[in-house]
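A short worksheet on the structure shown next.
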Amino acid sequence: MNRQELKTTIEAEKNKLDLQKTKHRICVCCGAGCISSGSEALLKKLQEEVETRGLEKDVEIIPTGCMGPCNQGPLVKFQPENTIYQKVDCNNIQPVVQAQVVENKPIENMLLFSDSRSKPFVNAKDDPFYKKQLKIALQDCGDINPEKIKDYLSHDGYQALDKVLFEMSPEDVIGEIKHSRIRGRGGAGYPTGLKWETVYKYVSPEKYMICNGDEGDPGAFMDRSVLEGNPHRVLEGMIIAAYAVGANKGYAYIRGEYPLAIKRFELAIKQAKKMGLLGSHILGTEFSFDVEVRIGAGAFVCGEETALIASVEGKRGTPKPRPPFPAESGLWGKPTLINNVETLAGIAPIINKGGEWYSEIGTPKSAGTKVFALAGKINYAGLIEVPMGTTLREIIFEIGGGMPGGEDFKAAQTGGPSGGCIPAEYLDVKMDYESLISLGSIMGSGGLIIMDKSSDMVDVAKYFMEFSMDESCGKCVPCRVGTKMMFDLLQKICNNKGTRIDLNRLEELAVYVKEASLCGLGASAPNPLLSTLRHFKQEYENRIEKEI
Amino acid sequence: MNAAPTVKDIEPVKADPRLKLIAAKIKKENFKPDSLIEVLHIAQNAYGYLPMNVLKYITKALHLPPARVYSTVSFYHFFSLKSKGDHTCLVCTGTACYVKGAQAILNEIEKTFSLRPGQVSTDNKLGVSVARCIGACGLAPVVVLDEEVQARASTTEIVEKINKMVAP
C-alpha cells in the first residue's frame with residue numbers, strides 16, 4: 001500500500017463510521033477483567049439476541065478493550081449515546097437491548113455505578129469517574145475493536161506514521177518528542193526525546209527497537225490493558241520510534257502471563273504487514289522495519305532493560321552494569337532503544353497534535369497524562385488515566401468513589417515492590433515523578449493500591465521484601481543476600497520477636513542494599529521498607545516494645 | 001568442532017506429536033540459539049512442564065551446552081521441571097489480591113487439601129501454585145482453576161469448586 005491508498009482507506013473507514021452514527025453501536029468490553037467476568041459468552045448471547053430480533057442492520061456489535069471500571073464488569077456500552085451498563089450477563093441482556101435499542105429509554109438501575117450513586121449518568125462521560133480523566137494513551141480503548149486494523153484506521157490510526165514518513169526527518173521527530181517533554185512511563189521517568197536522540201547519534205548499520213511490555217509489578221495492569229485494547233497504537237509508536245532512531249528490527253517483549261495481549265499484538269503485526277504499514281518499504285518509502293514478539297517467562301527483573309535484552313537473546317535475564325547503556329551497546333552489542341508500552345502509546349497523539357499540545361498538559365516537570373491501575377480497598381477499581389499533577393485525593397475520592405463501607409483511608413502504595421506507601425496526611429500530594437520521590441515512593445509503572453486500617457504496614461513491607469527476595473536474580477551480593485537478611489528481620493518483627501537492635505540493623509541494611517546493588521531491582525527493593533519506616537514507624541515500635 | 005545443526009538432527013525419534021511441534025518451532029526459528037526461550041515456551045505449553053528428555057532433545061537441536069539450557073529453565077518462573085498436576089489451582093498473590101485476602105484462601109487450601117504452593121497431590125490430580133500478579137487486580141482476590149479465572153474469590157466457594165474439579 002502506498003500513501004494515497006492509505007488515505008483512501010482511512011477516508012472510507014471514517015465515512016463508514018459516520019454512516020453508522022445514526023445507528024446503534026454496542027461495545028462489549030473484552031478486556032481481561034471483563035472476560036474473566038464472562039463477557040465472551042455475553043458477546044455471543046448479544047449477537048443471538050440481535051439476530052432473533054432482526055436488528056442486524058441497525059446494530060453493530062463489537063468487542064473492545066478495557067473501558068476502565070473493571071470491578072463493575074462485564075460492561076456494555078451503547079454508542080452514540082455513550083451509555084454504559086454494568087454487570088450485564090446472559091440473563092439480563094434481553095431487557096437492556098429492548099430498552100436501549102427498541103424503546104430508546106435506558107434502564108436506570110442497571111447503568112454504570114447505579115448501585116452506589118443516587119442518580120447514575122445516562123451519558124457515562126458525565127460521571128465523575130470519567131469526567132476527571134483525560135485519556136491519551138487509552139484514548140480509543142473501549143471504543144474500537146482491537147482485532148480490526150480498520151477500526152483503528154477510522155480513529156486516525158497510522159496518520160502519525162504517514163506524517164512522520166513523508167513530512168518529517170528523524171531529527172524533526174526527535175525534536176517534536178523532546179518538545180512534548182514526555183518521560184518514560186516505565187517508572188524511572190527518563191526523558192523519552194533524549195533517549196531517542198542518544199540512540200540516533202550512534203552510528204551503526206544495525207540498531208534495534210524494543211518495546212518493554214514486561215509489566216512485572218504486582219498490582220499493575222496498565223500495559224496489559226493498552227496492549228489488549230489498542231495494540232495498533234503501540235505498534236505505530238514502535239514504527240515511529242524506529243524511524244526516528246534508525247532501527248530496522250524491533251522486538252515486543254510481552255509477559256507470558258498476558259496471553260490475550262500476546263495474541264492481539266501478534267494479530268496487529270500481521271494486519272499491519274498485510275497493509276504495508278510494517279515490513280520492507282513501509283508505505284512505499286525507503287524505510288523498512290520488522291517486529292517480532294518475544295514472550296516473557298516470568299522474571300520480574302526482566303523489566304530492567306539490560307536484563308530484558310539478555311532475555312530477548314534467549315539467556316538468563318540477569319542485568320549488566322551500565323554504562324555502556326543499551327543506547328550504545330544493547331541487543332547483540334548494537335545500539336538499542338527500549339521504551340515502555342505506555343510511552344509508545346503516547347507517541348502517535350504527540351505527532352498528530354504536536355509536542356506543544358502535550359507539554360501543556362500536566363505539571364512543569366512531568367508533562368502529559370499517566371495511566372494508573374487502581375485496586376485494593378476502593379469502590380471503583382480499574383484503569384484510569386489522569387493528567388500528571390492530579391492529587392491523590394482526587395483519584396481516590398472523586399474518581400475511585402472512596403473506600404468501601406466508608407472506611408478510613410490509611411495508605412496508598414505506588415510503584416509496587418520498588419515504591420512506597422503514601423500515608424493519609426499526604427492525600428493532597430500531586431501525582432508526578434518528583435513529588436512521589438520526595439515522599440520516599442516512586443511513580444513506578446502506575447500500580448496504585450489503596451489500603452485501609454485492616455492492612456498491617458509491617459506485613460506489607462514484609463510482603464514486598466519477600467517479593468524482591470524471590471525475584472532477585474542472584475547476580476550481585478547486596479541484593480541477593482541483603483533482601484534475604486531484611487526479609488528475615490522483618491519476619492522476626494512480624495512474629496513479635498524483634499528487638500530494637502533488629503530495627504536499627506534493618507535501617508542500616510536498607511541503605512547498604514539501596515546504594516550497592518547492581519541494578520534497579522536491588523536499588524529500589526528497600527523502598528517499601530524505608531517508606532513504611534518513615535511514615536508508620538509506630539507500627540514497628542508496637543511490635544518490638546514487648547521484647548524490651 | 002560441532003557441525004551446524006541440520007533438519008536431520010531434530011528428527012523426532014519417536015512419533016510423539018508434541019515433539020513434532022517443538023521440532024517445527026526450531027525449524028521456523030532457523031536453529032538460532034537465541035530462540036531457546038521461545039522453544040521452551042512451546043514445550044512447556046505442549047507438556048505442561050519440561051520433562052528431562054525433552055530438554056535433552058532441545059539442547060541437541062539448538063546445539064547449546066546442557067548447562068545453558070538448564071540454567072535458563074531454572075531461572076524463569078514460567079518453566080517447570082515437574083508436572084503441575086492434572087488440575088491446577090493458581091492463587092494470585094499480587095498486591096491487590098494480597099490486600100483483599102489471598103493468604104486466607106491459601107491457608108484454607110492448605111488446611112483442606114494439605115497442599116502448599118508448588119506442591120502436587122500424591123495422585124497427581126491437583127497442583128497448587130501461586131502467581132505474582134495476573135493483572136486482573138480489579139477483580140481481586142483472583143484464583144485461576146484450570147485456566148478459568150474466578151473473580152472475587154471467596155474461600156468456601158474456591159474449596160467447593162476444587163472439590164468438584166478433582167472429583168472423578
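Here is the naming used below: chain letters follow the sequence lines, and residue numbers restart at 1 for every chain.
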Heavy-atom distances under 4.5 Å only: say whether [X] touches chain B with side chain, backbone, both or neither.
X: A:Ile450; result: backbone
X: A:Val293; result: backbone
X: A:Cys473; result: both
X: A:Asp217; result: backbone
X: A:Ser311; result: both
X: A:Ile295; result: both
X: A:Ala220; result: backbone
X: A:Arg224; result: side chain
X: A:Arg294; result: both
X: A:Tyr380; result: neither

Would you say that [X] contacts [Y] through its side chain, given a criterion of any heavy-atom pair below 4.5 Å between the two side chains?
X: B:Val99; Y: A:Gln413; answer: no
X: B:Tyr98; Y: A:Ile449; answer: no
X: B:Thr93; Y: A:Phe467; answer: no
X: B:Thr95; Y: A:Tyr463; answer: yes
X: B:Tyr76; Y: A:Cys302; answer: yes

Rounded to the nearest 0.5 Å, what separation is found between the [atom1] atom of [X] and the [atom2] atom of [Y]?
X: A:Ser37; Y: B:Arg152; atom1: OG; atom2: CZ; result: 5.5 Å
X: B:Leu36; Y: A:Glu313; atom1: CG; atom2: CD; result: 12.5 Å
X: B:Lys100; Y: A:Lys377; atom1: NZ; atom2: NZ; result: 7.5 Å
X: A:Lys315; Y: B:Ser71; atom1: NZ; atom2: OG; result: 11.0 Å
X: A:Glu257; Y: B:Phe78; atom1: CD; atom2: CZ; result: 6.5 Å
X: A:Glu471; Y: B:His77; atom1: CD; atom2: NE2; result: 3.5 Å

- Query: Is the backbone N or O of A:Gly216 less than 3.5 Å from a side-chain atom of B:Arg132, with the two atoms forming a donor-acceptor pair by type?
  - Reply: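 No, because the side chain of B:Arg132 does not come within donor-acceptor range (under 3.5 Å) of the backbone of A:Gly216.
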If you count every heavy atom of other residues, nucleotides or ligands that lies below 6.0 Å from [X] atom [atom1], does the total exceed 12?
X: A:Lys249; atom1: NZ; answer: yes
X: B:Glu160; atom1: CD; answer: no
X: B:Tyr70; atom1: OH; answer: no

If I compare all heavy atoms of [X] with all of [Y], which pair ends up nearest, and what's the gap?
X: B:Gly94; Y: A:Pro218; value: CA-CB, 3.6 Å
X: B:Gly138; Y: A:Asn71; value: O-CB, 2.9 Å
X: A:Trp332; Y: B:Asp34; value: CZ2-CG, 3.6 Å

Please determine, among [options], the option with the most heavy-atom pairs under 4.5 Å with chain B.
options: A:Ala373, A:Ala297, A:Gly376, A:Cys70; answer: A:Ala297
options: A:Ala381, A:Gly219, A:Ser454, A:Gly382; answer: A:Gly219
options: A:Asp470, A:Leu383, A:Ile35, A:Leu374; answer: A:Asp470

- Report the option among B:Arg68, B:Lys32, B:His41 that has the most heavy-atom pairs separated by less than 4.5 Å from atoms of chain A.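 Of B:Arg68, B:Lys32, B:His41, B:His41 has the most heavy-atom pairs under 4.5 Å with chain A.
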